[in-house]
Amino acid sequence: MGQETMAPAKQTATTTTTLVFTYGTLKRGFSNHVLMQDLIRSGDASFKGVYNTSDKYPLVCGPYRVPFLLNKPGSGHHVTGELYAVSPRGLSRLDELEGISRGHYVRQPIRLAAAEEEGGDLETEQSSSVVVEAYYAHKSYEEELWRRNRGRSFGAYTEKEARGYVKRTERPQHLSFLDHIRIFVSSPCD
(Lines give C-alpha, C1' and ligand atoms only; values in the text may rest on other atoms or scores of the structure.)
Protein backbone atom coordinates (compact mmCIF):
# COMPACT_ATOMS: atom_id res chain seq x y z
CA MET A 1 0.00 0.00 0.00
CA GLY A 2 1.64 3.22 -1.15
CA GLN A 3 1.56 6.39 0.83
CA GLU A 4 1.11 9.61 -1.02
CA THR A 5 3.26 12.50 0.06
CA MET A 6 2.03 15.96 -0.60
CA ALA A 7 4.16 19.04 -0.70
CA PRO A 8 3.06 21.71 1.75
CA ALA A 9 0.74 24.26 0.23
CA LYS A 10 2.57 27.33 -0.94
CA GLN A 11 1.63 30.42 1.04
CA THR A 12 0.46 33.16 -1.28
CA ALA A 13 1.16 36.81 -0.66
CA THR A 14 -2.54 37.61 -0.52
CA THR A 15 -4.95 35.47 1.41
CA THR A 16 -8.56 35.50 0.28
CA THR A 17 -10.67 37.38 2.78
CA THR A 18 -14.33 38.28 2.98
CA LEU A 19 -15.37 41.74 4.09
CA VAL A 20 -18.00 41.43 6.82
CA PHE A 21 -20.15 44.28 8.15
CA THR A 22 -20.93 43.94 11.87
CA TYR A 23 -23.73 46.05 13.34
CA GLY A 24 -24.49 44.47 16.73
CA THR A 25 -22.87 42.36 19.40
CA LEU A 26 -19.74 41.68 17.31
CA LYS A 27 -18.79 45.37 17.43
CA ARG A 28 -16.17 46.75 19.79
CA GLY A 29 -17.55 47.15 23.30
CA PHE A 30 -20.26 44.48 22.98
CA SER A 31 -20.48 40.93 24.29
CA ASN A 32 -19.55 38.92 21.18
CA HIS A 33 -16.60 41.13 20.24
CA VAL A 34 -14.41 38.63 22.12
CA LEU A 35 -14.75 36.41 19.02
CA MET A 36 -13.53 39.23 16.76
CA GLN A 37 -10.62 39.85 19.14
CA ASP A 38 -9.74 36.16 19.00
CA LEU A 39 -9.88 36.22 15.18
CA ILE A 40 -7.69 39.32 15.07
CA ARG A 41 -5.12 37.71 17.42
CA SER A 42 -4.99 34.57 15.27
CA GLY A 43 -4.61 36.60 12.06
CA ASP A 44 -8.08 35.59 10.83
CA ALA A 45 -9.59 39.09 10.89
CA SER A 46 -8.59 42.72 10.70
CA PHE A 47 -10.55 45.87 11.48
CA LYS A 48 -11.16 48.05 8.40
CA GLY A 49 -13.15 50.94 9.80
CA VAL A 50 -16.56 52.31 10.66
CA TYR A 51 -19.04 52.23 7.80
CA ASN A 52 -22.68 53.06 7.09
CA THR A 53 -25.07 51.21 4.86
CA SER A 54 -25.54 53.06 1.56
CA ASP A 55 -29.26 52.25 1.63
CA LYS A 56 -31.59 52.45 4.60
CA TYR A 57 -32.29 49.15 6.40
CA PRO A 58 -34.28 48.32 9.51
CA LEU A 59 -32.11 47.40 12.49
CA VAL A 60 -34.33 46.01 15.25
CA CYS A 61 -34.05 44.09 18.49
CA GLY A 62 -35.56 40.68 18.98
CA PRO A 63 -35.72 38.46 22.03
CA TYR A 64 -33.18 39.28 24.75
CA ARG A 65 -32.28 42.52 22.91
CA VAL A 66 -30.49 40.56 20.18
CA PRO A 67 -30.00 42.86 17.15
CA PHE A 68 -31.27 41.88 13.70
CA LEU A 69 -30.69 43.61 10.39
CA LEU A 70 -33.71 43.11 8.14
CA ASN A 71 -33.18 42.79 4.40
CA LYS A 72 -35.72 45.47 3.56
CA PRO A 73 -33.74 48.14 1.67
CA GLY A 74 -35.40 51.56 1.72
CA SER A 75 -36.96 51.09 5.18
CA GLY A 76 -35.37 52.14 8.45
CA HIS A 77 -32.10 54.05 8.68
CA HIS A 78 -28.58 54.13 7.28
CA VAL A 79 -27.07 51.63 9.73
CA THR A 80 -23.65 52.29 11.27
CA GLY A 81 -21.33 49.39 12.01
CA GLU A 82 -17.80 48.06 11.77
CA LEU A 83 -16.15 46.39 8.82
CA TYR A 84 -13.70 43.50 9.13
CA ALA A 85 -11.68 41.52 6.59
CA VAL A 86 -12.09 37.89 7.62
CA SER A 87 -10.24 34.74 6.52
CA PRO A 88 -12.16 31.62 5.43
CA ARG A 89 -11.48 30.06 8.86
CA GLY A 90 -12.71 33.22 10.59
CA LEU A 91 -15.79 33.34 8.38
CA SER A 92 -16.63 29.78 9.35
CA ARG A 93 -16.48 30.76 13.03
CA LEU A 94 -18.70 33.80 12.43
CA ASP A 95 -21.19 31.68 10.46
CA GLU A 96 -21.32 29.27 13.39
CA LEU A 97 -21.94 32.08 15.90
CA GLU A 98 -24.66 33.54 13.69
CA GLY A 99 -26.38 30.17 13.24
CA ILE A 100 -26.24 30.14 9.44
CA SER A 101 -26.79 26.37 9.24
CA ARG A 102 -29.58 26.55 11.85
CA GLY A 103 -31.72 29.20 10.14
CA HIS A 104 -30.93 32.03 12.57
CA TYR A 105 -29.32 34.49 10.16
CA VAL A 106 -28.37 34.55 6.47
CA ARG A 107 -25.19 36.09 5.10
CA GLN A 108 -25.84 38.24 2.03
CA PRO A 109 -24.34 41.26 0.24
CA ILE A 110 -24.81 44.84 1.41
CA ARG A 111 -23.44 48.12 0.03
CA LEU A 112 -21.53 50.39 2.44
CA ALA A 113 -19.96 53.83 2.47
CA ALA A 114 -17.25 54.97 4.88
CA ALA A 115 -18.67 56.83 7.89
CA GLU A 116 -17.77 60.52 7.70
CA GLU A 117 -16.33 60.86 11.19
CA GLU A 118 -14.12 57.77 11.20
CA GLY A 119 -13.59 56.90 7.57
CA GLY A 120 -12.42 53.53 6.43
CA ASP A 121 -9.18 52.23 5.03
CA LEU A 122 -10.57 50.41 2.01
CA GLU A 123 -9.66 51.61 -1.42
CA THR A 124 -12.98 52.48 -3.00
CA GLU A 125 -13.70 53.57 -6.51
CA GLN A 126 -15.31 56.86 -7.47
CA SER A 127 -18.66 55.73 -6.09
CA SER A 128 -16.94 55.62 -2.65
CA SER A 129 -18.96 52.55 -1.73
CA VAL A 130 -18.13 48.89 -1.40
CA VAL A 131 -20.22 45.71 -1.46
CA VAL A 132 -19.52 43.39 1.48
CA GLU A 133 -21.32 40.64 3.43
CA ALA A 134 -23.72 41.14 6.36
CA TYR A 135 -25.75 38.83 8.57
CA TYR A 136 -29.47 39.47 8.07
CA ALA A 137 -32.41 38.03 10.00
CA HIS A 138 -33.53 34.78 8.35
CA LYS A 139 -36.47 35.14 5.93
CA SER A 140 -38.51 32.64 7.96
CA TYR A 141 -39.18 35.25 10.67
CA GLU A 142 -38.02 38.58 9.20
CA GLU A 143 -41.49 39.94 8.42
CA GLU A 144 -42.90 38.98 11.82
CA LEU A 145 -39.93 40.63 13.53
CA TRP A 146 -40.56 43.83 11.55
CA ARG A 147 -44.26 43.80 12.52
CA ARG A 148 -43.42 43.04 16.16
CA ASN A 149 -41.19 46.15 16.22
CA ARG A 150 -44.10 48.15 14.71
CA GLY A 151 -41.93 49.25 11.82
CA ARG A 152 -39.56 51.06 14.19
CA SER A 153 -35.83 50.66 13.90
CA PHE A 154 -32.61 52.44 14.80
CA GLY A 155 -29.46 53.49 12.97
CA ALA A 156 -26.92 51.98 15.36
CA TYR A 157 -26.85 49.30 18.04
CA THR A 158 -25.55 51.30 20.99
CA GLU A 159 -25.44 50.78 24.75
CA LYS A 160 -29.00 52.15 24.89
CA GLU A 161 -30.36 49.49 22.49
CA ALA A 162 -28.25 46.78 24.14
CA ARG A 163 -29.61 47.55 27.61
CA GLY A 164 -31.26 44.30 28.71
CA TYR A 165 -29.23 42.10 26.33
CA VAL A 166 -29.01 38.55 27.66
CA LYS A 167 -26.00 36.42 26.71
CA ARG A 168 -26.73 33.10 25.04
CA THR A 169 -25.46 31.14 28.05
CA GLU A 170 -27.88 32.99 30.36
CA ARG A 171 -31.02 32.32 28.28
CA PRO A 172 -33.34 29.39 28.97
CA GLN A 173 -31.50 26.39 27.51
CA HIS A 174 -34.52 24.14 26.96
CA LEU A 175 -35.64 26.31 24.02
CA SER A 176 -33.87 26.85 20.71
CA PHE A 177 -33.05 30.34 19.45
CA LEU A 178 -35.82 29.97 16.85
CA ASP A 179 -38.24 29.05 19.67
CA HIS A 180 -37.24 32.27 21.46
CA ILE A 181 -37.89 34.23 18.26
CA ARG A 182 -41.31 32.58 17.73
CA ILE A 183 -42.32 33.41 21.31
CA PHE A 184 -41.06 36.99 20.93
CA VAL A 185 -42.89 37.73 17.66
CA SER A 186 -46.15 36.25 19.00
CA SER A 187 -46.03 38.24 22.25
CA PRO A 188 -47.72 41.63 22.65
CA CYS A 189 -45.62 44.74 21.99
CA ASP A 190 -44.43 46.81 24.93
Evaluate the criterion side chain to side chain contact (heavy atoms under 4.5 Å, CB included) for residue pair Arg107 and Leu91; output intermediate values, then yes/no.
CA-CA 10 Å; Arg107 183 168 38 86; Leu91 191 61; 3.6 Å; yes

List the steps and the verdict of side chain to side chain contact (heavy atoms under 4.5 Å, CB included) for Val20 and Leu83.
CA-CA 6 Å; Val20 177; Leu83 187 64; 5.7 Å; no

Can you check side chain to side chain contact (heavy atoms under 4.5 Å, CB included) on Phe47 and Glu82, steps first, answer last?
CA-CA 8 Å; Phe47 178 73; Glu82 298 174 354; 3.8 Å; yes

Audit row: Leu94, Leu35, side chain to side chain contact (heavy atoms under 4.5 Å, CB included) steps and yes/no:
CA-CA 8 Å; Leu94 290 176; Leu35 174 57; 3.7 Å; yes

For this output row, return yes or no: ring centroids of His77 and Phe154 closer than 6.0 angstrom.
no

Rounding to 0.5 Å, atoms OG1 (Thr22) and CD (Glu133) come to a distance of 13.5 Å

Can you give me the closest heavy-atom contact between His138 and Val106, atom names plus distance?
CD2-CG1, 3.5 Å

Donor-acceptor pair, Arg148 side chain versus Ser187 backbone, under 3.5 Å?
yes

Check whether Tyr51 forms a cation-pi arrangement with Arg111 (NZ or CZ under 6.0 Å from the six-membered ring centre, at most 45° off the ring normal).
no

Kindly write out the residues that satisfy ring-ring contact (aromatic ring centres under 6.0 Å, His included) with Tyr141, not counting sequence neighbours, or none if the list is empty.
Phe68

Is there a side-chain contact between Leu39 and Arg93 (heavy atoms, below 4.5 Å)?
yes

Is Ile110 close to Val131 at the side-chain level, that is, under 4.5 Å between some pair of heavy atoms?
no

Under 3.5 Å, is there a donor-acceptor pair linking the side chains of Asn71 and Gln108?
yes

Compare every heavy atom of Trp146 with every heavy atom of Ser153, then report the nearest pair and how far apart it is.
CB-CZ3, 4.1 Å

Minimum-distance pair of heavy atoms, taken over all atoms of Ala137 and Leu70
CB-CD2, 3.6 Å

The test is ring pair (Phe, Tyr, Trp, His ring centres under 6.0 Å); show your working for His104 and Phe177 and say whether it passes.
CA-CA 7 Å; His104 299 176; Phe177 187 60; 4.9 Å; yes

Say whether, by atom type as modelled, one donor and one acceptor occur between the side chain of Arg41 and the main chain of Met36 under 3.5 angstrom.
no

Counting only heavy atoms not in Arg89 (residues, nucleotides, ligands), do more than 12 fall under 6.0 Å from its CZ?
no

Do the non-hydrogen side-chain atoms of Phe184 and Glu144 ever get within less than 4.5 Å of each other?
no

On a heavy-atom basis, the closest approach of Arg102 and Leu97 is NH2-O, 4.4 Å

Show the atom names and distances, to 0.1 Å, of all donor-acceptor pairs under 3.5 Å that link a side chain in residues 159-167 to residues at least two apart or in another chain.
| unit_1 | atom_1 | unit_2 | atom_2 | d |
| --- | --- | --- | --- | --- |
| Glu161 | OE1 | Thr158 | N | 2.9 |
| Glu161 | OE1 | Thr158 | OG1 | 2.2 |
| Tyr165 | OH | Arg171 | NH2 | 3.4 |

Which pair of non-hydrogen atoms, one from Leu19 and one from Lys48, has the smallest distance, and what is that distance?
CD2-CG, 4.3 Å

Could you tell me if the side chain of Asp95 sits less than 4.5 Å from the side chain of Tyr135, heavy atoms only?
yes

Under a 4.5 Å cut-off applied to non-hydrogen side-chain atoms, are Thr53 and Phe21 in contact?
yes

Can you confirm whether Val79 sits close enough to Leu59 that some side-chain heavy atom of one is under 4.5 Å from a side-chain heavy atom of the other?
yes

Close aromatic pair by centroid cut-off 6.0 Å: Tyr157 and Tyr23:
no

Distance check, rounded to the nearest 0.5 Å: Ser129 atom OG versus Asp55 atom CG?
9.5 Å

Would you check if Asn149 and Leu145 make a side-chain contact, meaning some heavy-atom pair closer than 4.5 Å?
yes

Is there a donor-acceptor pair under 3.5 Å between the side chain of Ser92 and the backbone N or O of Pro88?
no

Contact between Lys72 and Tyr57 at the side-chain level, heavy atoms closer than 4.5 Å - yes or no?
no

Any chance you could lay out the salt bridge (Lys or Arg N to Asp or Glu O under 4.0 Å) test for Glu142 and Arg147, step after step, and finish with the verdict?
CA-CA 9 Å; Glu142 176 184 64; Arg147 276 197 301 274; over 6 Å; no

On a heavy-atom basis, which atom in Gly103 and which in Ser140 lie closest, and how many Å separate them?
O-OG, 4.4 Å

